[in-house]
Enquirer: 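Structure incoming, see below.
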Amino acid sequence: MPLFSFVIRRLLQMIPTVIFILIVTFILVRLLPGDPASAMLGDRARDADVERINRQLGLDQPVVVQFFYFVRRVVTGDLGNSIGLKVSVSSLILQRLPVTLMLTGMSALIALVLAVPLAFIAASKRERLPDSIIRGAFQMGLSMPVFYVGIVLLTVFAAQLKLFPVGGYGDTLGDRLYHLFLPALTLALSFAAVLMRNLRASIIEVMNAEYVDFATAKGLRSRVILFRHILRNALISTVTLFGLQIGTLLGGAVITETVFAVPGAGRLLIDSIYGRDYPVLQGLTIALAVLVSLTFLITDIVQAWLDPRIAR
Amino acid sequence: MSADWAAARSAFRLKALPRSLVSGGVILGLSLVLALWPSLLAPYDPTAFDYSALLAPPSWAHPFGTDNFGRDVLSRVIHAYTIDMQIAIFATIGPFIFGTIVGAFVGYAGGLWEAIFGRIVDATITFPFLVLVIAIVSVLGPGLGNMYVAVGVVGWVFYARLVAAEIKVQKRLDYADAGRVMGYTPLRIIFRHLLPNAITPAIVYWVTDMALAILLGSSLGYLGLGAQPPAAEWGVQIADGKNFMNTAWWISVFPGVAIVLTGLGFSLAGDGVAELLRVRR
Amino acid sequence: MAMSANMGPNGNTDGNENAGLVVRGLTTTFDTPRGQAIAAADVDFDVAPGEIVGLVGESGSGKSVTLRSIMGLIRKPGRTTGHVDWRGRDLVAMSSEELRRIRGSEIAMIFQEPMTALNPVLPVGLQIEENLIAHTTLTTRQRRSRALELMNIVGIPAADRRLDEYPHQFSGGMRQRVMIAIALACSPKLLLADEPTTALDVTIQDQILKLLLDLRDRMAMSVVLVTHDLGVVAATCDRMAVMYAGRIVETGAVAEVFARPRHSYTRGLLGSVPRSGTSRTMLQSIEGTPPSLTNLPTGCAFHPRCSFATDICLKERPVLEAVTSPTRTVACFHHERVAEAEAIL
C-alpha cells in the first residue's frame, strides 16, 4: 500500500509544522506591549486579577518553561478562558468553527461549479471572444475585495430584492444553507477566479499533451477524452492550488462573516481583537493554522490518489 | 514528436503580444498621477465637512455625491489614491528586497539552509495570511505602519521561495561554473551573474502582489485595523458608507470601483510582464 | 499498388475496398505570425495491404505532420486539405464521428515517445481496454482477457500483474510495447508509426522493429513507418518515400532507392549512413540546414544545399514524376545526373 505509507509519512511531516505554529502563536502573545495581563484586562485592572492571569498563563516562570506549559495545555485541549465571554476558548472554537467550515465548504463548492465549466470553455475557445470575456471576468474577480462584493450583494439581493436574509445563521440545516448562501457566494467569486485562471492554464497544457492526441488517435469518444484524459490531469495541479488557497479562503471568511454577521470563527476573531480577548485570538490562530495544515494533508492525499506518480 | 510539429506550435505562441501590459500600464499610470497630485484634480478638500449637503446624491456639483458629513466622495476617492498606491508599494517593496536576498542565499547555499528555509515556508503558509496579519496588527496596534510590519513579517517568504527555486536551477548551469572557475566570490556570482537571470518570477509576482496588497490594505481599513479615519482610504470609505447602502449607495460604491480598477491595473500589468518576460527568454 | 505522382493507373480507387491507403494532394498549413507555414505540401502516396512504407527525412521535413494529417490530428491553427482515401472513403472529408470509428479500429497510430503519449495517471490495462470500449461490444471480462492477450503478443512478461501498473513503472522499451498493444487492440488494418524506435536503445529498437515485422505478417497489416533512420528503413520497409521541406521528393522500392538514388537529397542522406560491404569512405553530411517552412526557397526547395543545382532549379519547382517504372518517382530536373553520380561514388 504505497498510498498508506505516503499518508503516514505525510502525517509525520506535520509534527514540525505544528510545533512551529505553537512557537509563533506563543511569541505573538509575548509581543503584547507591557504586561500581558494588564494589556488583556485594560487600565482599570485590579492587582489580584493581574496576578491571577499571570499565574494562569504561567508568566512567573522562565520563557522556555512557559512555552512547555503552553504546549502541554494546548495539546490537552486547554486553550485558556475567554476574558470577555467567560467561557473556555476551546468550547467557543468548537461552537464557532463548524459555521466557518460550512461557509468555506459551500463557497469552495460554488467556486468549483463556476470555475470548471468556465475554465473549460475559455480553454477550448482560446484567444477567441468567449475566452476574452471569461478572462476579463476573472481578472475582475481577482481585483474585487471580498468585503466590497459582500456589501454590494447584501444590499442588492438581501436588502433591496429581499431574496435572502441580511445576515445571521439559521437553526435547521436548510435554514443555514439559505442564510449562508450569499456569504458563500461572496467568498466563492474571488476563489473561483483563482481556480479558473489555474484550471484554464492547465487544461490548455493538457489539451496540448501527446497523450490527448494519442487518445484521439485511439478513436475514443470526445466525452471520454474530456473527462478521463483532459479534466482528470488538469485537476491534479488544481487540487494543490485548492489546498494552498484554503488559507486565503479562511481569511476571506473572516471578512465575510463580519459583513454578513455570521456567528463563525472569523467573526469571533474580529470580536476578540476589538475586545482585546487575547486567549481567544491565540486559540483561534492555532485552530485555523492546524485546520490549514490538515487541509494540506487532505489535498496531498487526494492528489496522490489522482496521480499515481506521487505516492511512491 | 518531431521538430516540425513543435516548431509550428511554438511559432503560434509568439503571436500574443502583451496587450494586457499596455492596458494595465495605462491604468497604473493614471493612478500614479492621481496619487502624486490629488489636489490638482480633486474639486474639494477631502476632509471638509459641508452640513448643507449631507448624503447628497451624485450631481454636477458632486459627481460622486457626498457622505454623511457632507464630504465630497469624488475628492475622497481621488485623495485615497495617495494612501492606497502607497500601500501597494510600501507593503511589497520590503518583502521583495528582503525575500530576494534571502532566497538568493538559500538557493545558492542549499543543504541545511535550504532545509531550514523549507520548514519556515511550510509553517508560514499554514497560517491564513490575512488571519496572521490581523493578529499581528492587533497585537502591535492598528495603523498603516504596523500593517507594513505585519505584511513584511509574512510576505518575504513567498519571494524568497520563488528566488531560491530559480537560483537553484541557475547555479547548475555552465555559466555559473564558469564564474566559479574564474575565481569570483560567491557574492559576485550570486548578484552579478545568477540573480539577474533568476529574478523574473519574483518580479512578476511583485506586480500581482501589489494588487493583493491593495486588497489587503483596504480590507484592514474596512475592519478598522489599517488606515485610520478621517484619512481618505477606500476601505475606510466603504466602511463609512456601509450603513447607508440603502439610502446613499454612492459613498461605498465609488471607492469600491476605484479598488477594482486599480487592482485590475496591477493584475493586467502582472500578466503582461509575465508574458513579456516569458517571450523574451 | 502504384506510388505515382498523379492519379496513376491504380490511383482511382472509388469503391475499391482492397485499395489500402491512397493519399492525394494532402496539404497541411499552419498560420503563424511570420506567415503561413506549409508543413506538408501536396503529398501523394499509396500503401498497399500488407505493405510497409518508410517515410524518411530530416526533422522538420513534414513526416510527422503527414502522418498526423492522415489521422485528422491536426488542430487549429493548422488546416488539412486534400484526400486521404481509405478503402474508398475520404478521411479528410468525413464527419468527426465517422472518423472516430475508424481511428483506433481500422487505422491505429503509435507515437514516438511512449512516456508522453501514454496517460501518466491511468493504469495501462485501462488504456488498452478503453480502445476496446470505444470500438467493440466486448464485456468487461472479455476486454480484460483481450488486454492480457495483447500484452502477451507484444511480449510483456507478467502481463496479468502489469495491467494494473502505471506507465512510469515500465521501462522505455516496455512502454513502447504497451503503446503497440494499445494500437493493436482492435486488429487494425493500417498502422501509422511515428518514429516508434527513436527514443529507444539500439537493442530495444531492434526488438520493436522485429515485433512490427512479425505483426505485419501475422495480421496482414499495412504499416507507414516514419523515421529519420535509413538503417531502420533498410531493415523493415518494402518501399520508401523521401520528404524534404514538406514535399515528397523521391519514392521507390527500398532496394532501388538505396542502389541508385535519383534525388540529390536522398543521395546526401544515404551518404551519411555507414554501409557494410563497400570500401571504407568518409561519412558525409549534407551541407547547410533545412529551410524555414514560412520562407521556402524559390523553385526546388533543396537547391541552396544541392551540388547539382542549375538556374532552372532556382526558378521552377520540379514535379514528382515517374521514372523507369510507375512506382519509381522523383522530383528533380537532374535526376539522371544524380543517378550517374551515385554510380561513380
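Small disclaimer: the values here were computed from a predicted structure and weren't measured. Lettering of chains follows the sequences in order, A, B, ..., and the numbering in each one begins at 1.
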Enquirer: If you count heavy-atom pairs under 4.5 Å with chain A, which of C:P167, C:P114, C:P123, C:A134 comes out on top?
Expert: C:A134
Enquirer: With side chains defined as the heavy atoms from C-beta onward, is the minimum distance between C:I74 and C:F30 less than 4.5 Å?
Expert: yes
Enquirer: Would you kindly say whether C:E195 and C:S64 are connected by a side-chain donor-acceptor distance under 3.5 Å?
Expert: no
Enquirer: Does any backbone or side-chain atom of C:I182 lie under 4.5 Å from a heavy atom of chain A? Answer side chain, backbone, both or neither.
Expert: side chain
Enquirer: Under a 4.5 Å heavy-atom cut-off, does chain C meet the side chain of A:R221, its backbone, both or neither?
Expert: both
Enquirer: Is there a side-chain contact between C:T29 and C:I38 (heavy atoms, below 4.5 Å)?
Expert: yes
Enquirer: Between C:G104, C:A117, C:S96, which has the largest tally of heavy atom pairs under 4.5 Å with chain A?
Expert: C:A117
Enquirer: Where does C:L192 contact chain A at under 4.5 Å (heavy atoms): side chain, backbone, both or neither?
Expert: neither
Enquirer: Do A:F227 and A:F120 have their ring centres less than 6.0 Å from each other?
Expert: no
Enquirer: With only heavy atoms counted, which part of C:M71 is less than 4.5 Å from chain A, the side chain, the backbone, both or neither?
Expert: side chain
Enquirer: Where does C:Q127 contact chain A at under 4.5 Å (heavy atoms): side chain, backbone, both or neither?
Expert: both
Enquirer: What I want to find out is whether C:R144 reaches C:D164 closely enough, with some N-O distance under 4.0 Å, to be called a salt bridge.
Expert: yes
